[in-house]
**Student:** 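I'd like to ask you about the structure that follows.
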Amino acid sequence: MKDSAEYKVYACPNPFGPTIHPYVTIDNVGMDAVVSIFNRAGHLVRSFYGKEVAGGSVEWDGKNKSGNLVAPGVYWYVAKTGSSKKKGKILIIY
């Protein structure tokens, strides 16, 4: 696998409907990345790291860290690997 810095991080499907699709994949984040998902207010919704970042991608089921489905709207993801940080957004629909 090549260095993820060469590739754009993306989420698919986007928009994402947790009641329609089982998960959204955030891809090209890097094997040792920490991926955090935030709501529009900037509050942390969920984080992924270690074995959860299998093969340089993350699968999010649209649930917060308490296991509840998040509200529809725009969410931001941040993938940090060392000093590199990549951001994107996901639109949640129902």
**Student:** Apply the test side chain to side chain contact (heavy atoms under 4.5 Å, CB included) to residues Tyr77 and Lys87: give CA-CA distance (whole Å), side-chain angles for both, the deciding distance (0.1 Å), then the verdict.
**Tutor:** CA-CA 6 Å; Tyr77 59 88; Lys87 299 185 266 185; over 6 Å; no
**Student:** Looking at every non-hydrogen atom in both residues, tell me the closest pair between Asn64 and Val70 and how far apart they are.
**Tutor:**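 Closest approach of Asn64 to Val70, heavy atoms only: N-CG1, 4.0 Å.
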**Student:** To check you understand the geometry: which heavy-atom pair defines the closest contact between Asn14 and Ile90, and what is its length?
**Tutor:**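 Asn14 and Ile90 have their closest heavy atoms at OD1-CA, 3.5 Å.
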**Student:** With a 4.5 Å cut-off on side-chain heavy-atom distances among I, L, V, M, F, W and Y, is there a chain of contacts connecting Val45 to Ile93?
**Tutor:**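 No, it is not one cluster - the side chains of Val45 and Ile93 are not joined through contacts under 4.5 Å.
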**Student:** Work out which heavy atom in Met31 is nearest to a heavy atom in Gly56; give both atom names and the distance.
**Tutor:**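 It is SD-N, 3.4 Å.
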**Student:** Could you name each residue pair satisfying salt bridge (Lys or Arg N to Asp or Glu O under 4.0 Å) that touches residues 46-68, not counting sequence neighbours?
**Tutor:**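 Checked against salt bridge (Lys or Arg N to Asp or Glu O under 4.0 Å) - neighbours excluded - the pairs reaching residues 46-68 are Arg46-Asp61.
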**Student:** Within this structure, what is the OG-CH2 distance for the pair Ser36 and Trp76, rounded to the nearest 0.5 Å?
**Tutor:**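 Between Ser36 OG and Trp76 CH2, I get 15.0 Å after rounding to 0.5 Å.
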**Student:** May I ask you to test the Leu91-Phe16 pair for a side-chain heavy-atom distance under 4.5 Å?
**Tutor:**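 They are not in contact (no side-chain heavy atoms under 4.5 Å apart), so the answer is no.
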**Student:** So which atom in Ala33 and which in Thr81 form the shortest heavy-atom distance, rounded to 0.1 Å?
**Tutor:**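 For Ala33 and Thr81, the tightest heavy-atom pair comes out as CB-OG1, 3.3 Å.
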**Student:** Are Asn28 and Tyr10 close enough that some pair of their side-chain heavy atoms sits under 4.5 Å apart?
**Tutor:**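 They are in contact (side-chain heavy atoms under 4.5 Å apart), so the answer is yes.
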**Student:** Which atom names give the shortest non-hydrogen contact between Val53 and Gly30, and what distance separates them?
**Tutor:**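 Where Val53 meets Gly30 most closely, the heavy atoms are CG1-O, 3.4 Å.
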**Student:** Does the side chain of Val78 come within less than 4.5 Å of Phe38's, by heavy atoms?
**Tutor:**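 In contact.
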**Student:** Closest approach of Gly62 and Pro18, non-hydrogen atoms and distance?
**Tutor:**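 In this case the closest contact between Gly62 and Pro18 is CA-CG, 4.3 Å.
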**Student:** Run the side chain to side chain contact (heavy atoms under 4.5 Å, CB included) check on Tyr94 and Leu69 step by step: do they pass?
**Tutor:** CA-CA 11 Å; Tyr94 289 104; Leu69 280 175; 3.6 Å; yes
**Student:** Under the side chain to side chain contact (heavy atoms under 4.5 Å, CB included) criterion, do Trp60 and Ile37 qualify, and how do the steps go?
**Tutor:** CA-CA 9 Å; Trp60 180 42; Ile37 299 173; 3.4 Å; yes
**Student:** Is there side-chain contact between Ile92 and Tyr75, with heavy atoms separated by less than 4.5 Å?
**Tutor:**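 When only atoms from C-beta onward are counted, Tyr75 and Ile92 do touch, with a gap below 4.5 Å.
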**Student:** Would you check if Asp27 and Val9 make a side-chain contact, meaning some heavy-atom pair closer than 4.5 Å?
**Tutor:**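 No, too far: nothing below the 4.5 Å cut-off.
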**Student:** Any chance the side chains of Thr25 and Ser57 put a donor and an acceptor closer than 3.5 Å?
**Tutor:**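 There is no such pair (donor and acceptor under 3.5 Å, judged by atom type) between the side chains of Thr25 and Ser57.
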**Student:** Does the side chain of Cys12 come within less than 4.5 Å of Val24's, by heavy atoms?
**Tutor:**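 The answer is no, as the side chains (C-beta and beyond) never meet within the 4.5 Å cut-off.
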